[in-house]
Amino acid sequence: MMTPRKETVKNPRVRIAPSPTGYFHIGTARTALFNWLFAKKYDGKFIVRIEDTDKERSKIEFEKDIIEQMRWLGLTWDEGVEVGGDFGPYRQSECLDLYEKYLHQLIEKKRAYYCFCSAEELEIKKQEMMTRGESPRYDGSCRNLSADVIEEKLKNKIPYVIRIKTPDKKISFNDMIRGKVEFDCSLFGDQVIAKGFREPLYNFAVVVDDHHMRISHVIRGEDHLSNTPKQIVLYEALEWETPEFGHLPLILAPDKSKMSKRFGDVSVAEYRRTGYLAEALFNFIVFLGWHPEEKPGEVIKEILTKEEILESFDMKRVQKGGAIFNVDKLNWINSEHIKKLSINDLIEKSLPFLEESFGKEIFTDQKYLKKVIELHRERVKKLSDLTELIGYFFNLPDYPKELLVWKDSILENTKGNIDFLINLLSDLKNDNFTKNQLEVIVMPEAEKRGRGELLWPLRVALSGMKNSAGPFEIMPILGKKETLSRLKIALEKVQ
RNA sequence: GCUCCCGUAGUGUAGACCGGCCAAUCAUUCUAGCCUUUCGAGCUAGGGACUCGGGUUCGAAUCCCGACGGGAGCACCA
């Protein structure tokens with residue numbers, strides 16, 4: 001899979017150019033991340049440009065989301081929207097004068113031309129070519145219109161678009177990830193580059209912007225691979241130097257189809273709301289199609305901080321094949337990052353989730369909350385899990401009485417054991433309500449009566465759950481009074 | 001239909017450039033055991049892959065060709 005590529009990079013200028021036509025997508029996040037990493041690694045600049053030439057679909061709400069989520073992920077940019085810079089504007093809708101200028105230049109130099117063909121006739125021709133088994137391309141009808149004819153049509157206000165003259169040749173470029181890639185230009189022909197002088201289309205606007213922002217390396221998704229020759233045609237027509245290109249493999253859904261709405265969550269905000277940590281998502285995403293170098297005899301570390309990732313990052317190790325988004329792995333990475341968090345950080349990050357479920361009032365006792373969270377931190381995959389895990393510490397559990405009965409035991413035994421426990425624990429002093437003391441008192445009895453027989457109903461009475469932390473951990477936190485009260489409730493249930 | 005890209009366990013990957021050290025690495029997942037009242041965590045063990053067919057070679061996961069499979073693109077979207 002490895003292809004040798006040249007790599008002597010210094011002070012690169014790279015960019016992420018999202019279009020605000022949807023919420024910040026996990027795929028865009030990855031492209032942003034690799035660009036950011038590349039810039040940091042080689043002491044370059046990372047630029048954020050908003051591609052909002054599609055007036056119909058672009059929304060400010062999406063732009064805000066993109067910026068917010070990038071910040072959340074810990075990405076910082078040197079130039080771009082919100083931070084400014086010397087090569088702006090960084091929003092395509094504000095660069096219209098620039099596009100217009102080059103459009104005129106291209107037409108004057110006869111590298112581009114007016115095309116008066118209607119969309120309908122083009123569609124028919126396209127279908128014909130497809131049925132003939134040819135690659136659909138413009139037939140060049142308007143390519144050599146005389147100046148008189150053009151003037152005439154313009155005067156009569158015949159609608160037009162602007163097309164670039166594509167040379168009949170092969171174009172190849174050296175992709176940073178894929179090595180040499182070659183395309184035959186005759187297959188796509190003269191592309192429309194603008195609908196009008198102030199209505200540039202994507203491929204043209206990108207080229208103008210990248211050139212003006214002095215972008216040295218264009219790192220983007222593989223879906224842009226076949227746009228690259230079209231853009232190179234423009235660089236050549238404009239007599240500009242082409243940047244380096246690098247095409248990242250796509251992120252795929254588990255069925256290997258393109259990551260899309262069909263596969264659950266695709267927006268970064270959604271993962272954030274579900275309780276994934278920014279550093280975990282960062283860690284996970286970077287491992288989609290990339291791995292640090294394995295040193296002989298060394299176990300590869302997969303739980304990495306941003307700094308560690310930066311340390312071992314190398315563009316040469318990016319894979320070519322699409323990477324499947326594996327939620328299991330994300331969950332594991334997230335739980336590992338949660339374990340690394342300090343208890344105070346964990347509380348701070350969990351609180352919004354807890355408050356949403358239980359309300360704010362419940363969390364006035366910080367010490368109590370701290371103990372509860374400490375007890376569960378190793379069981380948490382996502383912060384949102386915490387809500388279910390610790391509910392019984394804040395609300396009285398509700399459960400069917402059958403749950404109190406251990407395996408094949410009977411209600412009578414359960415009743416007797418709960419009654420026994422109430423008496424046993426009532427005699428204990430408040431001070432002795434610690435994990436150790438409780439074990440000393442209760443365990444010998446559990447051995448006599450059967451561990452499950454005694455401990456299972458104890459735990460269920462306290463937590464109301466089939467799976468929960470152990471009774472000796474729960475009791476000290478709940479305290480003697482609450483413990484006894486819950487046991488009495490259990491007793492009533494089985495009466 | 002045409003073009004381009006890709007093809008190592010369920011998943012992410014190492015190995016490939018420079019063929020032998022590969023009866024193939026690491027992680028995750030899965031299974032079992034230990035621990036344990038349950039679950040989780042932890043520990044231990046195990047399962048699981050070079051897409052196929054030719055060629056080159058003493059020797060191929062690795063080089064070459066072909067097939068097959070998957071993906072992306074082919075707009076007056078970005």
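For the numbers below, each heavy atom of this structure counts, side chains included, while hydrogens, waters and symmetry mates do not. Proteins get letters first, then strands, A, B, ... in listed order; numbering begins at 1 in each.
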Report summary line: By nearest-nucleotide position on RNA chain B, the 5'-leaning member of E378(A) and G289(A) is G289(A)
Query raised in the report: Does F313(A) have its ring centroid less than 6.0 Å away from the ring centroid of W290(A)?
Result: yes
Report task. Scan E453(A) against the nucleic acid and name what it touches under 4.0 Å (heavy atoms): base, sugar-phosphate only, or nothing. Result -> nothing
Query raised in the report: With rounding to whole Å, what would you report as the distance between G69(B) and C64(B) at their P atoms?
Result: 22 Å
Requested in this report: Looking at every strand, decide which applies to K339(A) at a 4.0 Å heavy-atom threshold: base, sugar-phosphate, or nothing.
Outcome: sugar-phosphate
Query raised in the report: Between P292(A) and M443(A), which is nearer to the 5' end of RNA chain B once each is assigned its nearest nucleotide?
Result: P292(A)
**Report entry** Lys/Arg cation over aromatic F188(A): K230(A), 6.0 Å, 45° cone
**Finding:** yes
Query - Greater than 12 external heavy atoms within 6.0 Å of E56(A)'s CD - result: no
Query - G19(B): pairing nucleotide in any strand, Watson-Crick or G-U under 3.5 angstrom - result: none
Query raised in the report: Looking at R377(A), K370(A), K371(A), which hits salt bridge (charged side-chain N to carboxylate O under 4.0 Å, His left out) with E374(A)?
Result: R377(A)
Report task. Between protein and nucleotides 71-78 of chain B, map the contacts as a letter string: B base, S sugar-phosphate only, - none, heavy atoms under 4.0 Å, written 5' to 3'. Result -> BSSSSBBB
Query raised in the report: When you look at CD of E311(A), are more than 12 heavy atoms from neighbouring residues, nucleotides or ligands closer to it than 6.0 Å?
Result: no
Query raised in the report: Considering every strand shown, what is the Watson-Crick or G-U wobble mate of A72(B) when both distances are under 3.5 Å?
Result: U3(B)
Query raised in the report: Hey, does the Lys NZ or Arg CZ of R198(A) hover above the aromatic six-ring of Y99(A), less than 6.0 Å from the centre and inside 45° of the axis?
Result: no
Query raised in the report: What is the pairing partner of C26(B), taking Watson-Crick or G-U wobble pairs with both distances under 3.5 Å in any strand?
Result: G12(B)
Query raised in the report: Using the C1' atom in both, what is the distance from G54(B) to A9(B), to the nearest Å?
Result: 26 Å
Report summary line: Partner of C52(B) under the Watson-Crick or G-U wobble criteria, both distances under 3.5 Å, comes out as G66(B)
Report task. Taking the six-membered ring of Y399(A) (Phe, Tyr or Trp), confirm whether the NZ or CZ of K493(A) is under 6.0 Å from its centre and within 45° of its axis. Result -> yes
Query - Rounded distance in Å between the P positions of G66(B) and G71(B) - result: 22 Å
Query - Residue from Y276(A), F325(A), Y271(A) passing ring-ring contact (aromatic ring centres under 6.0 Å, His included) with F284(A) - result: F325(A)
Requested in this report: Could you work out the separation of U13(B) and C74(B) based on their C1' atoms and round it to a whole Å?
Outcome: 32 Å
Query raised in the report: Starting at CD1 of I324(A) and ending at P of U28(B), how long is that distance when rounded to a whole Å?
Result: 19 Å
Query - Pairwise P distance, G1(B) and G40(B) [rounded to whole Å] - result: 49 Å
Query raised in the report: When the distance from CG of N331(A) to P of C30(B) is rounded to whole Å, what number comes out?
Result: 11 Å
Report task. Would you please confirm or rule out a distance under 4.0 Å between OP1 or OP2 of A14(B) and any side-chain N or O of Q319(A)? Result -> yes
Requested in this report: Select base, sugar-phosphate, or nothing to describe what G450(A) touches, counting heavy atoms under 4.0 Å on all strands.
Outcome: nothing
Query - G47(B) to C4(B) separation - P atoms, rounded to the nearest Å - result: 43 Å
Requested in this report: Measure the distance from CD on E302(A) to P on U29(B) and round it to the nearest whole Å.
Outcome: 11 Å
**Report entry** G42(B) versus C5(B) - spacing of their C1' atoms, nearest Å
**Finding:** 44 Å
Query - Whole angstrom value for the distance that separates P of G15(B) from CD of E293(A) - result: 8 Å
Query - D328(A) side-chain proximity, nearest of U29(B), C6(B), G42(B) - result: U29(B)
Query raised in the report: Rounded to whole angstroms, how far apart are CG on N326(A) and P on C30(B)?
Result: 11 Å
Query raised in the report: Does any donor-acceptor pair link the side chain of K329(A) with the base of A27(B) at a separation under 3.5 Å?
Result: yes
Query raised in the report: Rounded to whole angstroms, how far apart are NZ on K301(A) and P on U28(B)?
Result: 14 Å
Report task. Using whole Å, report how far CH2 of W332(A) lies from C1' of U11(B). Result -> 13 Å
Query raised in the report: Under a 3.5 Å cut-off for both distances, is C34(B) Watson-Crick or wobble paired, and to whom?
Result: G42(B)
Report task. Please measure how far the P atom in U31(B) lies from the corresponding atom in A23(B), and state the result in whole Å. Result -> 30 Å
**Report entry** Cation over ring face, R449(A) and F420(A), 6.0 Å, 45°
**Finding:** yes
Requested in this report: Specify the separation, in whole Å, of atom CH2 of W456(A) and atom P of U36(B).
Outcome: 17 Å
